[in-house]
Amino acid sequence: MNYKTTLKAGFLLAVMLLLGSVAAQAVAPAVDVRYDTTLGHYLTGANGMTLYVFTNDTEGQSSCYEGCAAAWPPLTVEGDSVAVSPLAIPGSFGIIERTDGTMQASYNGNPLYFWRDDEVPGDATGQGRGDVWYVANLNPMVQVLQDDEHGDILVGPSGMTLYLFTNDEVDVTNCYGGCARAWPPLMTSSSIVMSGAGVTAEFELATIARDDGGMQITYNGKPLYYFINDHVPGDTTGQNRGEVWFVISVSP
């Protein structure tokens with residue numbers, strides 16, 4: 001290969017890498033979802049950092065400016081929409097205009113912010129600050145999904161299958177440590193459990209306090225869990241594991 005050919009090949013490779021980088025940036029979501037064994041599912045920015053809501057805000061309007069905004073940087077976006085994770089996220093996203101002219105992302109009308117003292121993805125040191133700052137939880141939602149094999153089953157807020165553990169007792173979980181790592185509990189930071197599609201009045205949704213912290217959602221007194229080997233909505237690979245783990249069929 002001569003010098004000109006090498007130079008041309010190098011140029012083409014550089015262009016391809018640049019275009020790939022631009023494309024990756026174009027599809028990168030401004031908002032994603034993270035799961036925590038205490039906080040449940042909550043929103044993060046594209047960088048993985050925790051997002052928060054400010055209870056002193058009013059719907060569709062931020063009251064956090066100057067020193068407040070320096071401590072709690074708003075999640076600003078370009079354009080007229082908010083790019084979100086490909087996972088199903090219940091609720092609605094929008095954009096509000098701040099008084100400085102920038103556009104801030106909102107979730108269910110609540111403006112979204114970062115916290116300056118969070119250092120790495122997974123940090124949530126702003127939770128409960130001043131009793132007015134809280135992680136931006138997904139609506140704690142249990143919903144019904146029609147499954148070809150198991151009929152109508154319960155799923156979590158992102159559409160992932162939920163399971164019950166027959167070794168549990170009513171309103172008591174016996175799944176901790178390695179068990180909870182393999183079968184993450186469906187957690188929430190609120191005592192109010194919102195119901196989603198297909199959930200009717202006879203569904204008894206509640207919460208229990210776990211010994212390792214946080215509140216776990218229950219259905220008819222049964223603590224609810226995910227399975228670590230389920231990867232996308234519709235997976236039910238945990239069904240009948242060890243003859244003690246089962247999807248929750250609610251078919252009539």
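Since this is a predicted model, take the numbers as computed values, not measurements.
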Give, for atom [atom1] of [X] and atom [atom2] of [Y], the distance between the pair rounded to the nearest 0.5 Å.
{"X": "Trp245", "Y": "Asn240", "atom1": "CH2", "atom2": "CG", "result": "13.0 Å"}
{"X": "Leu164", "Y": "Ser249", "atom1": "CG", "atom2": "OG", "result": "10.5 Å"}
{"X": "Asp230", "Y": "Met160", "atom1": "CG", "atom2": "CE", "result": "5.0 Å"}
{"X": "Asp211", "Y": "Asn174", "atom1": "CG", "atom2": "CG", "result": "9.5 Å"}
{"X": "Arg34", "Y": "Met49", "atom1": "CZ", "atom2": "CE", "result": "9.5 Å"}
{"X": "Asn167", "Y": "Thr173", "atom1": "CG", "atom2": "OG1", "result": "10.5 Å"}

Counting N and O atoms only, with roles assigned by atom type, does the side chain of [X] sit under 3.5 Å from a partner on the main chain of [Y], one being a donor and the other an acceptor?
{"X": "Asp57", "Y": "Ser63", "result": "yes"}
{"X": "Tyr65", "Y": "Thr99", "result": "yes"}
{"X": "Asn108", "Y": "Ser92", "result": "yes"}
{"X": "Asp235", "Y": "Thr237", "result": "no"}

Testing the 3.5 Å rule here: is there a donor-acceptor pair between the side chains of [X] and [Y]?
{"X": "Thr102", "Y": "Asp100", "value": "yes"}
{"X": "Trp115", "Y": "Thr125", "value": "yes"}
{"X": "Asn110", "Y": "Tyr134", "value": "no"}

Practice task
Please identify each residue that fulfils ring pair (Phe, Tyr, Trp, His ring centres under 6.0 Å) with Phe54, with sequence neighbours left out.
Solution key: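 Result, ring pair (Phe, Tyr, Trp, His ring centres under 6.0 Å) vs Phe54: Trp133.
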Same cluster (ILVMFWY, side-chain, under 4.5 Å), [X] and [Y]:
{"X": "Ile228", "Y": "Ile153", "result": "yes"}
{"X": "Leu51", "Y": "Ile96", "result": "no"}
{"X": "Tyr52", "Y": "Val132", "result": "yes"}
{"X": "Tyr176", "Y": "Phe165", "result": "no"}

Handout entry: Option among Leu162, Leu224, Ile208 that satisfies the side-chain contact (heavy atoms from CB on, under 4.5 Å) test with Ile217
Key =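 The passing option is Leu224.
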Close side-chain approach of [X] and [Y], heavy atoms under 4.5 Å:
{"X": "Tyr113", "Y": "Gln104", "answer": "yes"}
{"X": "Val82", "Y": "Leu75", "answer": "no"}
{"X": "Pro111", "Y": "Val53", "answer": "no"}
{"X": "Glu149", "Y": "Gln239", "answer": "no"}
{"X": "Asp123", "Y": "Thr50", "answer": "no"}
{"X": "Phe93", "Y": "Val77", "answer": "no"}
{"X": "Asp152", "Y": "Leu145", "answer": "no"}
{"X": "Asp168", "Y": "Lys222", "answer": "no"}

Quick one: closest heavy-atom pair of [X] and [Y], and the distance?
{"X": "Gly213", "Y": "Met187", "value": "O-CE, 3.6 Å"}
{"X": "Gln127", "Y": "Val135", "value": "OE1-N, 2.8 Å"}
{"X": "Cys64", "Y": "Ala69", "value": "SG-N, 3.4 Å"}
{"X": "Tyr107", "Y": "Asn137", "value": "CE2-O, 3.5 Å"}
{"X": "Arg98", "Y": "Ser62", "value": "NH1-OG, 2.9 Å"}
{"X": "Gln216", "Y": "Pro223", "value": "NE2-CB, 3.5 Å"}

Practice task
Under the side-chain contact (heavy atoms from CB on, under 4.5 Å) rule, what do Val31 and Thr44 come out as? Steps first, then yes or no, please.
Solution key: CA-CA 6 Å; Val31 177; Thr44 71; over 6 Å; no
Exercise for the section: Identify the residue among Tyr219, Trp183, Phe246, Tyr226 that makes a ring-ring contact (aromatic ring centres under 6.0 Å, His included) with Tyr163. Expected result: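 The option that passes is Trp183.
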Exercise for the section: Would you sort out whether Val144 and Val155 count as a side-chain contact (heavy atoms from CB on, under 4.5 Å), showing the intermediate values? Expected result: CA-CA 6 Å; Val144 174; Val155 299; over 6 Å; no
Problem - Over 12 non-hydrogen atoms of neighbours within 6.0 angstrom of CD in Glu119 - result: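 Incorrect, the count does not exceed 12.
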